[in-house]
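All remarks here apply to the structure that follows.
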Amino acid sequence: MLRNFRTTLVLIILISASVPVILFSSLLVKKIYNITREAAVREANLTAKSVSDLLNHEVDLIISRLVTIGSNSDVALATRKTPLGFRHYLGERAPAYIRNFISENPLVSVLRLFDSELQAVIEAPGSVRAGWPESVLKNAKEMLSNPAGDARTGYRIVEFRDENFINQMTMPGTGKASQDPNDRPESSYGIVLLVPVVFDVTNETYGVLAAMISFENLAGFALSEIKLPGTVDFFKNDIRIVSSPAFGNQEDIISGEILFDLGNPKSGQKHRYTLRISEPFSGRFSEITDSIRNLILLIVLAVLLVTLFAYTFARHLSAALNSLILIVQSYADGIYNLPRPEGIMFSEFRQIADVLGEMGNRIISQITEMRKAEEKYRSIFENAAEGMFQTTPEGSFLAANPSMVKILGYNSLEEMLSTVTNIPKQTYAGEERRKEFLSLLKQNRRVVGFETQIHRKDGSEAYVSVSTRTVRDTNGRVLYCEGSMVDITERKKREKAERQQKAAETVSRKIMESIRYARMIQRSLLPNPENIKGFIPDSFSVWMPRDIVGGDFIYMDCIGGGLIIAVIDCTGHGVPGAFMTMIAAFGLRKIIRDEGYHDPAQILKRLSFMVQTMLHQDTDYALSDDGLDAAICFVKPRETYFSGSFGLIFAGAKLPLVYIRDGEVTVVKGDRQSLGYKRSDINFDFSDHTIKIDEGMSFYMFSDGFPDQPGGEKNRRFGTRGFINLLEKNAHCPFDEQREKLLEAFHTHMGKNERRDDVTVVGFGF
């Protein structure tokens with residue numbers, strides 16, 4: 001497209017006019033969008049606060065009304081099942097109070113009157129087929145156990161989670177259970193308000209009023225009050241307990257959150273929930289979207305007008321260029337005696353046309369002289385064994401002998417002359433080498449034995465030795481170039497093969513020397529696993545890197561308060577893994593010795609932070625994504641092993657701890673969180689596991705190299721379960737013998753397979 005002058009000019013004008021406008025409009029739209037969204041978020045939070053206050057007010061009103069009903073003598077007498085003439089209260093007045101309360105308080109799903117023996121006396125709007133939750137009955141029983149005194153003013157809010165009870169309750173205002181599954185509550189959360197029924201004459205508690213409120217009713221009430229197309233959700237400990245229908249595009253949601261508390265008056269205990277109110281943001285942005293659409297239409301219209309103007313101007317300008325193109329095309333066809341073109345609009349183009357006309361005259365003169373020289377040297381060209389050629393100063397062939405045609409891979413001289421019109425660009429394989437050749441030719445007027453690569457007709461490359469000189473006229477102007485070319489491809493191939501072989505041998509030797517030296521450095525910097533025997537004689541270690549250097553290592557450090565033992569599995573194996581071991585070992589030493597961390601969970605958290613920051617993996621521009629898995633134990637000094645008050649503390653990042661006590665195997669899994677990776681949570685709190693040490697116990701930590709090794713008859717993994725069974729089978733043996741049996745089982749299983757990963761195991765006992 002850009003090869004056309006008219007089109008290019010139009011595009012330049014169009015881009016120059018439209019890009020600033022489009023850029024400014026985009027920034028303006030983005031700013032409007034951000035301001036509107038921030039305002040919507042603030043409004044959503046205020047709405048959540050308002051709805052929370054309204055719900056608390058409604059619950060307080062319900063409690064107040066329940067207390068009023070609980071102090072009504074008709075309701076109290078309805079709980080008495082004696083033949084004293086109060087049966088009419090049970091049949092007439094008390095049920096009316098209950099029904100009126102349900103109709104006036106839509107938040108309440110069920111209201112039940114219990115007598116002093118927790119038997120249902122009255123229930124509205126209908127019967128609940130399932131039994132009431134145990135937590136509700138327990139609190140009601142406690143309320144009945146205090147029949148006098150402050151029971152008159154007390155009430156309780158009981159939280160329960162009972163799916164059967166919720167699904168069987170009657171629906172508000174219907175008096176019967178709904179048969180439509182869509183009308184039934186979806187969650188299993190609810191609250192029950194318990195209010196004592198007190199008889200004024202005796203000031204005793206005769207029964208309990210229990211009002212059940214489901215969170216679906218709370219959510220529905222909230223939606224009816226806010227009057228917006230949105231959703232209301234309740235959360236308990238970050239778990240959604242009321243799930244409203246989600247919007248289609250989750251990125252289009254604006255949400256406001258606030259804590260929603262329900263508290264008991266005496267205990268002070270609060271039931272805390274999170275209230276979230278959400279609405280689609282697209283509704284708020286619709287008017288702005290219309291304005292933006294109109295702005296875009298105006299921009300498009302302006303761009304079209306600019307394009308029309310640019311096209312008209314370019315059309316006039318390109319008319320002169322067309323005249324020049326016709327001249328150049330005629331020269332390309334070998335027509336040099338053209339008449340002077342007329343009607344060229346611009347003076348600069350007129351001058352160019354005159355220069356081209358003069359150039360045509362000169363070309364005619366030069367061609368005449370070249371033809372005379374060609375006849376003189378043709379016999380030499382035809383009979384030479386090496387490739388001979390003559391070219392114009394511009395780089396096209398004037399003549400070539402059969403040897404030259406053969407070197408370039410053409411079938412005939414005519415084919416080569418018609419195909420190769422620019423020798424430097426079409427035959428030279430390297431741009432820099434071509435420039436070097438032309439520079440030498442220009443400076444010295446001749447080049448002898450210049451070796452370079454060329455392209456043959458079929459696209460293959462060949463090495464040639466070129467010798468060329470320039471032929472000039474009396475004024476020093478270059479008339480043509482002539483020279484010879486010898487094919488040296490076979491010689492170059494032999495030389496290249498010899499150099500590559502020597503270079504490969506040298507590189508391989510240096511790499512192996514470097515890796516062996518790296519192994520010495522790694523083993524010098526990392527703790528010696530065998531040192532563990534100096535502190536715990538009953539122990540063994542297996543450290544087998546898959547390559548000369550590896551990504552696993554065993555860390556051990558004796559501190560004032562005890563002994564720290566760790567198994568670290570870094571990303572990868574070989575040289576990349578070895579680099580990570582250096583970072584991890586340095587981090588552990590700094591964390592334990594310099595910063596004074598001894599708690600395994602804190603060490604893991606600190607090490608994850610250190611690896612992420614050292615590798616800049618906590619930034620968006622990080623180039624690496626490496627990390628490690630780890631298992632760390634902190635063992636108290638020998639004198640406290642069997643004190644009964646303390647033993648061993650373990651924390652793991654994906655790696656477990658296995659211990660055996662009296663033949664029983666226990667696996668303590670590490671947290672499902674690796675250290676140092678980009679995706680690792682830098683604020684993750686790892687878990688400590690405290691294990692009391694008894695005499696005869698044995699402990700084992702290991703990386704995934706042993707369990708993940710394929711082998712056996714079916715070429716499957718050894719497996720974590722199989723590895724733990726192997727530990728259990730040999731736990732009664734001395735630790736040195738356990739080590740030998742582990743290695744024997746590993747090599748037997750591996751067979752002829754290659755080692756898949758680094759293998760690291762640590763075992764110790766007391």
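Atom CD of residue E257 and atom NZ of residue K49 lie 15.5 Å apart, to the nearest 0.5 angstrom. The CG atom of N105 sits 11.5 Å away from atom CG of N217, with the distance rounded to the nearest 0.5 Å. Atom CG of L657 sits about 9.5 Å away from atom OG1 of T666, to the nearest 0.5 Å. Between atom NE2 of residue H689 and atom CG of residue L648 there is a gap of 11.5 Å, rounded to the nearest 0.5 Å. Within the model, atoms CG of D618 and CZ of F609 stand 7.0 Å from one another, a figure rounded to the nearest 0.5 Å. With values rounded to the nearest 0.5 angstrom, I591 atom CD1 is found 8.0 Å from I632 atom CD1.
Closest approach of G256 to N45, counting heavy atoms only: CA-OD1, 3.2 Å. Scanning both residues, A140 and L194, for their nearest heavy atoms gives N-CD1, 3.6 Å. Across all non-hydrogen atoms, the minimal contact from Y597 to I603 is O-CD1, 3.7 Å. Closest approach of V110 to I102, counting heavy atoms only: C-CD1, 4.3 Å. Across F699 and I693, no two heavy atoms sit closer than the pair CZ-CG1, 4.3 Å. When all heavy atoms are compared, the tightest approach of I98 to A124 is CG2-CB, 3.5 Å.
Ring centroids of F684 and F686 are separated by less than 6.0 Å, placing the two rings close together. Aromatic ring centres of F702 and F723 lie closer together than 6.0 Å.
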| said: Working note: D708 + R717, criterion salt bridge (charged side-chain N to carboxylate O under 4.0 Å, His left out); need CA distance, chi angles, decisive distance, verdict. | reply: CA-CA 5 Å; D708 287 347; R717 294 173 60 252; 2.7 Å; yes
| Do F260 and T274 pass the side-chain contact (heavy atoms from CB on, under 4.5 Å) test, and can you show the C-alpha distance, the side-chain angles, and the key distance before you say yes or no? | CA-CA 6 Å; F260 177 71; T274 299; over 6 Å; no
| Is there a side-chain contact (heavy atoms from CB on, under 4.5 Å) between I62 and I213 once you walk through the steps? | CA-CA 10 Å; I62 291 172; I213 301 177; 4.1 Å; yes
| request: Evaluate the criterion side-chain contact (heavy atoms from CB on, under 4.5 Å) for residue pair T571 and L628; output intermediate values, then yes/no. | output: CA-CA 6 Å; T571 300; L628 53 110; 5.8 Å; no
| message | Please evaluate residues T231 and S278 with respect to the criterion side-chain contact (heavy atoms from CB on, under 4.5 Å), reporting the C-alpha separation (whole Å), side-chain torsions for both, the decisive distance (0.1 Å), and the verdict. | response | CA-CA 5 Å; T231 62; S278 305; 3.4 Å; yes
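Two residues are said to be in side-chain contact when any heavy atoms from C-beta on lie closer than 4.5 Å; I157 and V192 fail this criterion. When side chains are defined from C-beta on, V668 counts as touching Y659, because their heavy atoms get closer than 4.5 Å. Between Q602 and R606 the shortest side-chain heavy-atom distance does not fall below 4.5 Å. At least one side-chain heavy atom of R156 sits less than 4.5 Å from a side-chain heavy atom of E142. Residues Q617 and R679 have side chains not in contact (no heavy-atom distance under 4.5 Å, counting atoms from C-beta outward). Side-chain contact between K141 and L118 is present, with at least one heavy-atom pair separated by less than 4.5 Å. In this structure, the side chains of I660 and M697 stay at 4.5 Å or more apart for every pair of heavy atoms. Proximity of K669 to L655: side-chain heavy atoms (C-beta onward) are nowhere separated by under 4.5 Å.
Look at K605 and D685 and you find a salt bridge, because one of the NZ, NE, NH1 or NH2 atoms lies within 4.0 Å of a carboxylate O, short of that distance. Ionic pairing of R240 and D233 is present here: one or more N-O contacts between side-chain nitrogen and carboxylate oxygen are shorter than 4.0 angstrom. E104 and R65 are not joined by a salt bridge, as no carboxylate oxygen comes within less than 4.0 angstrom of a charged side-chain nitrogen.
S135 places no side-chain N or O within 3.5 Å of a backbone atom of F160 that could act as its donor or acceptor partner. Side chain of D115 to main chain of V121: no donor-acceptor pair is present (N/O by atom type, distance under 3.5 Å, no hydrogens or angles). At least one donor-acceptor pair under 3.5 Å links the side chain of T47 to the backbone N or O of E43. With D629 contributing its side chain and D569 its backbone, the two residues share no donor-acceptor pair below 3.5 Å. In this structure, the side chain of D261 does not engage the main chain of R272 through any donor-acceptor pair within 3.5 Å. Judged by distance alone, the side chain of D671 and the main-chain N or O of Q673 form no donor-acceptor pair under 3.5 Å.
Judged purely by distance below 3.5 Å, without hydrogens or angles, the side chains of Y273 and E159 pair a donor atom with an acceptor atom. With 3.5 Å as the limit, one finds no donor-acceptor pair spanning the side chains of Y677 and S608.
Under the side chain to side chain contact (heavy atoms under 4.5 Å, CB included) rule, I277 has a single partner from L223, I258, V51, which is V51.
In this structure, F215 and Y189 have perpendicular ring planes: the angle between them is above 60°, well past the 30° mark.
Counted within 6.0 Å of CZ on R721, heavy atoms from surrounding residues, nucleotides or ligands total more than 12; the atom is thus considered enclosed.
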